[in-house]
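For reference, the structure is listed below as structure tokens.
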Amino acid sequence: MVSFDARAVLARLAALRSADAPTHGGHVLSYVYDSGVAEIDELAAEAMRLVQPVNGLDPTTFTSVAVMEREVIGFARELLHGGDDVVGSVTSGGTESCLLAVKTAREAWRAAGGEGRARLLAPVTVHAAFQKAAEYFDLALDLVPVDPETGVIDPDRLLDRLGPDVALVVVSAPSYPFGTLDPVEVVAAACEEAGVALHVDGCIGGWILPFWRGADGDALPLWDFRVPGVTSISADLHKFGYAPKGASVLLQRGRDRQRLQYFATTGWPGYPVVNPTLLGSKSAAALAASWAITQALGARGLAELGESCLRSTAAIADLIGDIEGLRVLGTPTGPLLAVTSDDSVSADRRVDPHHWADRARLRGWHLQLQPGLTQEDGTHLPHTTHLTITPVTGSRLDELEAALRASADEVRGVPPVDPSGLLGALPPGLADGPLDSDTAAAVLQAVGIGGGGDGRLPDEQAPLLALIEALPRPLTERLLVELLARIVEPV
Ligand SMILES: *Cc1c(COP(=O)(O)O)cnc(C)c1O
């Protein structure tokens with residue numbers, strides 16, 4: 001009989017967890033989606049416990065998996081107005097849903113006679129998961145610039161690039177960086193006419209936009225399966241479905257098309273393999289939690305939680321508008337917004353959004369810093385700070401407002417970080433060739449970000465972001481890989 005000290009192990013885990021950013025209470029305005037309702041978390045935990053030993057690989061052996069998945073897909077399909085021809089899968093998250101949407105589109109394009117390398121066409125604001133998908137599945141990535149003032153895509157600029165090699169167009173509902181609801185109807189009409197598949201990335205919006213209204217209180221423009229020409233939609237349960245991480249839905253229009261998502265083989269001496277998703281053996285925990293939450297809340301419960309997000313988002317957007325030196329970028333749709341510096345006031349009254357976020361962090365509020373980006377046409381998207389608003393935010397609005405105002409007051413007039421000092425600390429010739437791990441680690445040390453042991457970044461992230469913006473992309477990407485890889489190396 002094995003014996004062990006479970007208490008000591010769990011005590012250590014609890015201690016480690018206490019060093020994490022707080023996952024409840026609304027102090028982290030990205031990554032975590034807190035309903036603010038403890039009963040929802042308890043329900044999810046109990047559901048996960050019930051299926052803990054199950055292997056989601058085989059829904060014919062573990063039939064509970066089939067029932068839960070079918071019912072979650074049915075719920076999502078109704079919410080997104082799909083007809084009988086809309087079918088789907090529960091995946092492990094937004095990235096997997098996006099990867100599978102791209103894989104399916106590539107197979108469909110090939111089946112229709114496409115030859116050579118397929119192209120994926122999208123606004124530059126499309127989630128990085130599609131860059132990953134293009135890399136994994138070898139599609140050419142064609143990213144169309146958006147208006148730097150508003151983050152909005154001019155549909156004609158996108159549609160001008162349609163061609164026989166385009167296997168998939170992707171638009172967002174809404175985009176993660178700026179919360180922009182892309183013009184789904186216009187793009188869908190053109191895609192349908194051209195016979196090109198269109199994915200709507202509703203990873204962050206899919207479970208909340210059905211309950212959202214425009215700034216004027218009007219219904220949103222259509223973006224779901226009511227729009228002919230939309231071939232697939234992704235919607236993450238582990239965002240505004242309030243489920244623990246590890247669950248998303250990918251819905252596809254057309255059974256024949258969706259079957260191309262699958263991998264199947266009987267060509268080995270083991271069991272016949274039939275996988276709708278990327279993984280083989282997989283947990284059913286997040287599926288069970290998602291199923292339990294959707295069963296318990298229904299559309300009514302989701303609508304109520306969405307309403308709270310709508311009110312808080314409007315309040316925060318008003319607040320940002322009222323803080324001298326900051327502005328919300330564009331007109332976001334949904335519970336997220338990007339804050340940038342208001343260049344209409346003089347430089348000594350401007351607030352750099354990254355300094356602002358660093359100050360807010362010192363007050364216990366974690367906002368997400370987003371780097372600026374020079375687009376293909378030479379225009380520059382400003383650097384911003386991202387806030388995702390969740391139902392729990394509503395109970396903390398006064399506290400949040402005070403922190404955001406005080407943080408802005410502290411850094412008003414402070415110019416953005418000038419990276420030249422940091423760049424001066426780098427050895428010359430770095431960008432000329434591939435870096436080995438040891439050199440990359442030394443560079444990280446030289447600029448003061450790496451080797452912390454606890455995996456924590458410095459409190460001030462503005463300098464790190466300035467460096468990300470200033471260095472050539474391949475170099476930055478290599479350095480960040482090193483940073484993350486070193487964090488999990490055994491010491
Ligand atoms: C979160 C998100 C994704 C990727 O989802 P993960 O769950 O983080 O893998 C894709 N698209 C959008 C718009 C998102 O917000």
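Indexing begins at 1, ligand by ligand and atom by atom, following the structure's order.
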Practice problem: Find all atoms of ligand 1 within a distance of less than 4.0 Å from any non-hydrogen atom belonging to His238, and give their numbers and elements. | Solution: 7 (O)
Quiz item: With a 4.5 Å limit on heavy-atom distance, are the side chains of Gln252 and Thr231 in contact?
Solution: no
Exercise. For Gly94, take its heavy atoms, then give the atoms of ligand 1 lying under 4.0 Å from any of them.
Key: 4 (C), 5 (O), 6 (P), 7 (O), 9 (O)
Exercise. On the 0 to 90° scale, with breaks at 30° and 60°, tag the Phe240-Tyr33 ring pair as parallel, tilted or perpendicular.
Key: perpendicular
Self-check item: Electrostatic pair Lys282-Glu69, nearest N-O below 4.0 angstrom
Solution: no
Practice problem: Please determine if Ser175 has a nitrogen or oxygen closer than 3.5 Å to a nitrogen or oxygen of ligand 1. | Solution: no
Quiz item: Using 4.0 Å as the upper bound for N to carboxylate O, is an ion pair formed by Arg157 and Asp154?
Solution: no
Self-check item: ring-ring contact (aromatic ring centres under 6.0 Å, His included) between Tyr31 and His366, intermediate numbers included
Solution: CA-CA 10 Å; Tyr31 298 130; His366 298 244; 9.4 Å; no
Exercise. Note the single closest protein heavy atom to atom 13 (C) of ligand 1, along with its residue, its atom name and the distance in Å.
Key: Asp201 OD2, 3.3 Å
Quiz item: Nearest protein heavy-atom contact for atom 10 (C) of ligand 1: which residue, which atom, what distance?
Solution: His127 CG, 3.2 Å
Quiz item: Numbering the atoms of ligand 1 from 1, which are under 4.0 Å from a heavy atom of Asp236?
Solution: 1 (C), 5 (O), 7 (O)
Quiz item: Are the charged groups of Asp20 and Arg17 less than 4.0 angstrom apart, N to O?
Solution: yes
Quiz item: Do ligand 1 and Thr95 have nitrogen or oxygen atoms that lie under 3.5 Å from each other?
Solution: yes
Quiz prompt | Protein heavy atom at shortest distance from atom 14 (C) of ligand 1 | solution = Lys239 NZ, 2.9 Å
